[in-house]
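Values below: every heavy atom of this structure, side chains too, minus hydrogens, waters and symmetry copies.
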Amino acid sequence: MLLRSPGLLLLLLSGLRAATQEKEVRAMVGSTVELKCIYPEENSFDLNDLYVYWQISGSNTVVTYYLPKNSSAGHENNHYKNRAHLSLDSMKQGDFSLSLQNVTPQDAQKFNCLVFRESLQLGKILEMEVSLHVAANYSLPVISTPSSESRDPELTFTCRSTNGYPRPNVYWINETDNSPLDKALQNDTVSLNSQGLYDVVSILRIPWTPNMNVGCCVENVLLHQNLTGRSQTERSSGTEGRITETPDSLQKEDNVVIFITLALLLVSVIVAVVIYMGKSKCPHRNYTAGWPGEPLICDPISHPEQEQAGAQAATVVCELTGRG
């Protein structure tokens with residue numbers, strides 16, 4: 001952005017010629033950070049004698065500034081408007097630090113602090129360069145495991161982590177022995193989302209191994225942070241992870257069916273025998289008396305009338321006695 005104020009332009013040109021002190025500051029996305037710019041000696045200053053100017057190094061981007069009696073205004077970059085502030089009370093004591101609110105990933109820049117005194121013919125009394133490093137925590141990696149019904153000769157794991165900054169490093173490890181897996185086996189996709197933060201998707205493809213347990217590590221170098229997600233998959237040999245019936249179980253089911261069938265047949269036979277024996281146990285008989293002194297004769301006869309109405313059981317007691 002071009003500056004319309006001669007005073008501001010003079011400050012910018014003077015700052016570019018000067019040697020600077022450098023500092024580094026780290027801040028989390030969404031936080032408030034203070035970029036230090038303090039006069040090294042104890043002193044008090046008249047605000048009407050000061051020109052204080054914060055800019056982005058190597059550009060004309062104005063962050064914020066202070067001029068005596070606000071002789072120029074409206075030159076802040078819109079990205080920093082209402083977020084960058086100087087304290088008038090602190091400046092009187094030689095503290096020209098910048099307070100930057102609601103830090104965003106785009107604030108990861110080098111900032112220049114320039115301080116001049118009008119009484120010294122705009123002589124520079126302080127210059128400071130502050131590198132702001134911005135960071136955001138990645139979400140805990142979530143791993144999608146291969147389908148248990150997959151028949152593929154290889155296992156495919158997918159690892160996802162979102163809303164981090166700066167750009168991450170991604171590693172896969174074999175949890176069995178904690179050894180790193182070859183990076184050639186993975187394919188990483190890193191993209192910026194609408195918040196200016198990074199989302200990462202890493203896909204790992206390895207030959208099928210039973211009971212494979214892997215870990216996905218997302219490293220945030222700036223925060224010295226490693227987040228690890230873990231996953232385990234199991235697939236039975238010969239069944240491709242499916243639940244199937246074995247020949248033994250089928251044989252057991254066949255045996256049960258045969259046993260039940262035989263049992264029913266045996267019951268049917270027993271019932272038939274009982275009914276048959278019940279009908280033939282006591283046949284119907286006709287009784288004729290012999291001469292006196294002769295024994296009673298029991299002869300079997302048929303009774304058509306009983307057969308038509310349904311035979312009824314009768315108990316006949318044949319006594320071998322004569323007539324009295």
Side-chain angles (χ1 to χ4, degrees), residues 22-33 79 100 102-110 130-246:
E22 296 184 9
K23 291 185 177 180
E24 292 189 355
V25 177
R26 291 178 175 83
M28 300 296 291
V29 170
S31 67
T32 297
V33 65
H79 180 66
L100 185 61
N102 192 22
V103 172
T104 71
Q106 292 73 29
D107 294 332
Q109 305 281 351
K110 287 186 177 182
V130 182
S131 294
L132 177 58
H133 301 283
V134 178
N137 289 312
Y138 282 90
S139 63
L140 186 67
V142 176
I143 301 178
S144 300
T145 60
S147 171
S148 60
E149 296 185 358
S150 174
R151 295 177 178 271
D152 293 337
E154 64 179 12
L155 298 175
T156 301
F157 297 88
T158 302
C159 173
R160 290 180 173 85
S161 184
T162 60
N163 295 328
Y165 198 87
R167 189 182 180 94
N169 294 322
V170 182
Y171 308 94
W172 288 86
I173 60 173
N174 185 341
E175 289 284 313
T176 304
D177 55 9
N178 241 11
S179 61
L181 296 173
D182 188 353
K183 289 186 70 69
L185 299 174
Q186 70 187 69
N187 182 23
D188 301 336
T189 302
V190 182
S191 59
L192 281 173
N193 60 29
S194 59
Q195 299 173 293
L197 303 175
Y198 285 107
D199 297 337
V200 58
V201 177
S202 181
I203 299 176
L204 174 72
R205 291 184 175 88
I206 56 177
W208 180 83
T209 305
N211 304 325
M212 186 64 178
N213 190 12
V214 299
C216 173
C217 303
V218 176
E219 179 188 20
N220 190 320
V221 177
L222 187 60
L223 296 178
H224 305 287
Q225 183 182 69
N226 273 304
L227 298 176
T228 303
R230 293 179 171 83
S231 182
Q232 184 173 3
T233 183
E234 294 184 1
R235 188 167 72 179
S236 300
S237 177
T239 63
E240 301 297 335
R242 298 180 180 178
I243 300 175
T244 58
E245 293 182 343
T246 63

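Between Cys159 and Leu204 there is no side-chain heavy-atom pair separated by less than 4.5 Å. Val134 is not listed as a side-chain neighbour of Gln106, based on a closest heavy-atom distance of 4.5 Å or more. Contact of the Phe157 side chain with the Cys216 side chain is not registered, since no non-hydrogen atoms from C-beta on lie closer than 4.5 Å. Met212 is listed as a side-chain neighbour of Asn174, based on a closest heavy-atom distance under 4.5 Å. The shortest side-chain heavy-atom distance between Asn220 and Tyr198 does not fall under the 4.5 Å cut-off. The shortest distance between side-chain heavy atoms of His79 and Asp107 falls below 4.5 Å. With contacts defined as side-chain heavy-atom distances shorter than 4.5 Å, the pair Leu100/Leu132 qualifies.
Contact detail for Ser139 and Thr162: the closest heavy-atom pair is OG-N, 2.9 Å. In terms of heavy-atom proximity, Val214 sits nearest to Glu175 at C-CG, 3.5 Å. Scanning all heavy atoms of the two residues, the minimum distance from Leu222 to Pro166 falls at CB-CD, 3.9 Å. Considering all non-hydrogen atoms of both residues, Ser161 and Val218 come closest at CB-CG2, 3.9 Å.
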Test log, rule side chain to side chain contact (heavy atoms under 4.5 Å, CB included), inputs Val200 and Arg167: CA-CA 9 Å; Val200 58; Arg167 189 182 180 94; over 6 Å; no
Trace of the side chain to side chain contact (heavy atoms under 4.5 Å, CB included) decision for Trp172 with Ile143: CA-CA 11 Å; Trp172 288 86; Ile143 301 178; 4.1 Å; yes
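For the atom pair Arg230 CZ and Cys217 SG, the distance stands at 7.5 Å (nearest 0.5 Å). Atom OH of Tyr171 sits about 10.5 Å away from atom CG of Asp188, to the nearest 0.5 Å. Note that CG of Asp199 is 10.5 Å distant from CZ of Arg160, once rounded to the nearest 0.5 Å. Atoms CG and OG, from Asn213 and Ser231 in turn, are 7.0 Å apart once rounded to the nearest 0.5 Å. From Asn169, atom CG reaches atom CG of Asn226 across 9.0 Å, with rounding to the nearest 0.5 Å. Separation of atoms OG (Ser202) and NZ (Lys183) is listed at 7.5 Å; rounding is to 0.5 Å.
When the side-chain contact (heavy atoms from CB on, under 4.5 Å) test is applied to Pro105, the partners found at least two apart in sequence or on another chain are Val29, Tyr165, Leu197. For Thr189, there are no side-chain contact (heavy atoms from CB on, under 4.5 Å) partners, not counting sequence neighbours.
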